[in-house]
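In what follows, a structure is listed as structure tokens, so that the remarks can point back to it.
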Amino acid sequence: MSYILRRLTMSVEAELQESVNYTPLQRMRHSAAHVMAEAVQEIFPEALFSIGPAIEDGFYYDFDLPRPLTPEDLPEIEQHMQKIVAAGYPFLHDRWPREKALEYFGNKGQVYKVEIIENLPDAEVGIYRQNNFLDLCRGPHVQNTSQIGPFKLMRVAGAYWRGDEHRPMLQRIYGTAWFSQEELDQYLWQLEEAQKRDHRKLGRELKLFTLSDELPAGVPMFYPRGEMLRHLMESYVRETQERYGYQHVWTSHVGKVHLYKTSKHWYTYRENMFPIMKGEQELTEDDAYILKPMNCPHHILLYKSQMHSYRELPVRYAEFATLYRYEKAGVLTGLARVRSLTQDDAHVFMRPDQIQEEFDRAVNLTLEVFETYGLTDYWIRLSLRDPQKKGEYVGSDEVWEMAEATLRGAVEGKGIRYEEGIGEAAFYGPKVDFMVRDALGREWQCSTIQLDFIQPENFELEYIGEDGQAHRPVMIHRAVTGSTERFMAMLIEHFAGAFPVWLSPVQAIIIPIADRHQEYAQSVFEQLKAVGVRAEIDMRGERMNAKIRDAQLQKFPYMLVVGDKEAAAEAVSVRLRTNIDLKSMPLTQFIERILQISNTKSKEL
RNA sequence: GCCGAUGUAGCUCAGUGGUAGAGCAGCGGUUUUGUAAACCGCUGGCCGGGAGUUCGAAUCUCCCCAUCGGCUCCA
């Protein structure tokens, strides 16, 4: 809306019509942020204020304070807020000329407010005041502070001014606010539920993986059950990739600096690479060793080491390779963000006329894998170039337009919700990312499919065309689950550790009722093992009830209780982790059931 | 990397200047059990690492390591 039009509107409904399209809930939360700011001002009169928007589940405000906040400060701030809310101070709106606002905030040393105003184009700026707190703000707000619903301050955190790590670090307080106590309680309950599913907690409880102070940060270790899970995940993707025409290759874990100079990563990606190793031989920089941070240059070397005819394209190289990336220490999180990650990566070398088919193939493969894992809630981010800034991208207009149209067409053809991100494309080509929502509604970026026009140039890749001349191929980079570690983190939380039978590291736990049943339990174990069922026996001297409880907590799909009756009848008493007791059934019948469910990757038990 | 918090037994945690604790787990014994925790006993700790202050440090100070919450949401 233009400034003039806005002023006209505002003269009628000043408070409601001002700029931001806040929902009533967001408006209330934004007002809560102002009340929090006043509370902070009461405690720290010298506080400097920056911004305090409503966000997804609440609000925050960023302050510059004379001392660091700790969690112990929050109750006091909350108490001040309660008083302000209870007093029902009206939110008063005003509009000041820029100059007046600059003078006012300048005199108070409010440097962040001054900077904000200096960047505003308008001749007038919005001012809101409640009680003793006056803030530069475009609103809107609730009418008075008593309309602010139940709230809770959640945490303190550091946040760079304007999100820029070269600018001052401010102190952010996050809060949440709702219209009713029930909604606040529900939200807090959901947070607790999410914590129960935290893959770091479940990873330890289910004996999947661990971290050690003796290893660098971001380098997880996997116990037998976790490794089995990795193996099952990767085997499944591998089998699927083979079915889709990808060939697996192996390119080890080490490269040379020169290779990454050719790919240009050395110049753009170096801060994410582990330091080079020159060794005792004092290698030159070009010959120095690096830990492989990505596969593309290596797959390109494989491609380049042989001649290729147009007839054999596309060449599809896939690899499960462990990559090493020096992520910033502060961003590491369990398995979700690590420094040693295993990508299910692939690179397709193809003729330009094959882009559509190959892109489609990659999308289909991804969708099949999502379907198998039961991930039904996802959307696609289609990253395109900014047509205003064509100079920032490599490749001709013609190829870009064709490529973008191809990607958009393929995505639309699948009927999947997608959003276009203008200007979000990589400089070397457009891409699509799959954003998956897990059972708790959190989004994870997993799969990615990227077109690349630049690496074939960097490496002067060729294929011999029908005309006998050398031509330049196009590349696709794609990953299906992204990294095994990250995807595992998502699966753990999605399933809350209760994996489908085909993915369960332990599919069945055999529970002998008394010691005299151990021999029969062993026999059941051998028979299950012979048909490929992953089973274990609980031989501890515990009562059956304790063994069942522990099996439930371990989320094993099937508990096979064996006592006198079962031993006599070559049977097992089957209990599901869903608390359902199927009673005794012949062992052969159980084997038939579990194999059928496992082999079809069914989500049933 | 930056800001803040945290680090005590395998796990969850108590202990804030004066002899390291609990529950669970583990081990031993008793019990031999029919669908979510039997009973009794025992073991287990460079209190994350290093340096300092102190008669004395898990506790106070500094450095390092690791873990957690953030650092995209724009007056």
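It should be emphasised that the depicted structure is a prediction, and the values quoted were computed from it without experimental measurement. Note that these values count all heavy atoms, side chains included, but never hydrogens, waters or copies made by symmetry. Here is the naming used below: chain letters follow the sequence lines, and residue numbers restart at 1 for every chain.
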5'-most by nearest nucleotide on RNA chain B - A:Ser212 or A:Pro68 = A:Pro68
For atom CE of A:Met169 and atom P of B:C71, their distance in whole Å = 10 Å
Salt-bridge contact A:Arg200-A:Asp198 (side-chain N to carboxylate O under 4.0 Å) = yes
key: Atom-pair distance (CG on A:Asp62; P on B:C2), nearest Å   = 19 Å
ask   = Contacts to RNA chain B from residues 577-586 of chain A, heavy-atom cutoff under 4.0 Å, which residues?
value = A:Asn579, A:Asp581
task = Please answer whether the main-chain N or O of A:Cys446 pairs with a side-chain N or O of A:Arg486 as donor and acceptor at a distance below 3.5 Å.
result = no
message = Would you measure the distance from the C1' atom in B:U32 across to the matching atom in B:C24 and give it in whole Å?
response = 24 Å
key: Rounded distance (Å) that lies between atom P of B:G34 and atom CG of A:Leu560   = 18 Å
Donor-acceptor pair under 3.5 Å, A:Glu566 side chain vs B:G34 base = yes
query = Using a cut-off of 4.0 Å on non-hydrogen atoms, how would the nucleic acid contact of A:Ala217 be classed: base, sugar-phosphate, or nothing?
reply = sugar-phosphate
Donor-acceptor pair, side chain of A:Arg225 and main chain of A:Glu227, under 3.5 angstrom = no
request  = Indicate, with a heavy-atom threshold strictly under 4.0 Å, whether A:Lys547 touches base, sugar-phosphate, or nothing.
outcome  = nothing
Integer-rounded Å distance: B:C74 P and A:Tyr60 OH = 7 Å
ask   = What is the distance from CH2 of A:Trp161 to C1' of B:C3, rounded to the nearest Å?
value = 17 Å
message = Using the P atom as the point on both nucleotides, what is the distance between B:U59 and B:G15, in whole Å?
response = 15 Å
key: N/O donor-acceptor pair, side chain A:Tyr160 with base B:G1, under 3.5 angstrom   = yes
ask   = Taking the P atom of each, how far is B:A25 from B:G48, in whole Å?
value = 25 Å
inquiry  = What contact category does A:Ala159 fall into here, base, sugar-phosphate, or nothing, at under 4.0 angstrom with non-hydrogen atoms?
reply    = sugar-phosphate
task = Describe the nucleic acid contact of A:Gly58 in one word from base, sugar-phosphate, nothing, applying a heavy-atom distance below 4.0 Å.
result = nothing
request  = Provide the Watson-Crick or G-U wobble partner of B:U59, both distances under 3.5 Å; none if there is no partner.
outcome  = none
query = Which base, if any, makes a Watson-Crick or G-U wobble pair with B:U67, both distances under 3.5 Å?
reply = B:A5
query = For A:Glu542 and B:C27, what is the distance between atoms CD and C1' respectively, to the nearest whole Å?
reply = 12 Å
ask   = Which is true for A:Arg543 with a 4.0 Å heavy-atom rule: it touches a base, it touches only sugar-phosphate, or it touches nothing?
value = base
ask   = Is any NZ, NE, NH1 or NH2 atom of the basic residue among A:Arg534 and A:Glu536 found under 4.0 Å from an Asp or Glu carboxylate oxygen of the other?
value = no
inquiry  = Going by purine N1 to pyrimidine N3 plus the second Watson-Crick contact, or the G-U wobble pair, all under 3.5 Å, which nucleotide sits opposite B:A37?
reply    = none
ask   = Which nucleotide, in any strand shown, forms a Watson-Crick or G-U wobble pair with B:G26, with both distances under 3.5 Å?
value = B:C42
ask   = Could A:Lys328 and A:Glu165 be called an ion pair, given the rule that one side-chain N must be under 4.0 Å from one carboxylate O?
value = yes
ask   = Is any side-chain N of the basic residue among A:Asp57 and A:Arg29 closer than 4.0 Å to the acidic one's carboxylate O?
value = no
Modelled atom types, side-chain donor and acceptor of A:Glu493 and A:Trp444, under 3.5 Å = no
task = State which of B:G70, B:U33, B:G26 makes the closest approach to the side chain of A:Ile513.
result = B:U33
query = When rounded to the nearest Å, what value does the distance between C1' atoms of B:U53 and B:G17 take?
reply = 12 Å
query = A:Ile117 or A:Met559: which one's nearest nucleotide on RNA chain B is closer to the 5' end?
reply = A:Met559
task = Using a heavy-atom cut-off of under 4.0 Å over every strand shown, decide if A:Gly163 touches base, sugar-phosphate, or nothing.
result = sugar-phosphate
request  = Using the six-membered ring of A:Tyr324, assess whether NZ or CZ of A:Arg339 lies under 6.0 Å from its centre and within 45 degrees of the ring axis.
outcome  = no
ask   = Can you tell me if A:Glu76 uses its side chain to pair, donor with acceptor, with the backbone of A:Asp73 under 3.5 Å?
value = no
query = A:Glu115 has an atom CD; how far is it from atom P of B:C74, in whole Å?
reply = 16 Å
request  = Return yes if a side-chain donor-acceptor contact under 3.5 Å exists between A:Glu214 and A:Ser212, otherwise no.
outcome  = no
key: Euclidean distance for P, B:G49 against B:A9 (whole angstrom)   = 10 Å
query = side chain to side chain contact (heavy atoms under 4.5 Å, CB included) with A:Glu443: which residues, sequence neighbours excluded?
reply = A:Trp379, A:Met435, A:Arg437
query = Say you pick atom P in B:C64 and the same atom in B:G1; how far apart are they, in whole Å?
reply = 10 Å
query = Considering only the C1' atoms, how many Å lie between B:G21 and B:G44, rounded to the nearest integer?
reply = 13 Å
task = Can you tell me, in whole Å, how much space there is between the P of B:U19 and that of B:G10?
result = 23 Å
task = Could you tell me whether A:Phe590 and A:Tyr558 have their ring centroids closer than 6.0 angstrom?
result = yes
remark   = Rounded to whole Å, the CZ-C1' distance (A:Arg172 to B:A5) equals 17 Å
message = Just to be sure I understand the geometry, which residues of residues 221-229 of chain A put a non-hydrogen atom under 4.0 Å away from RNA chain B?
response = none
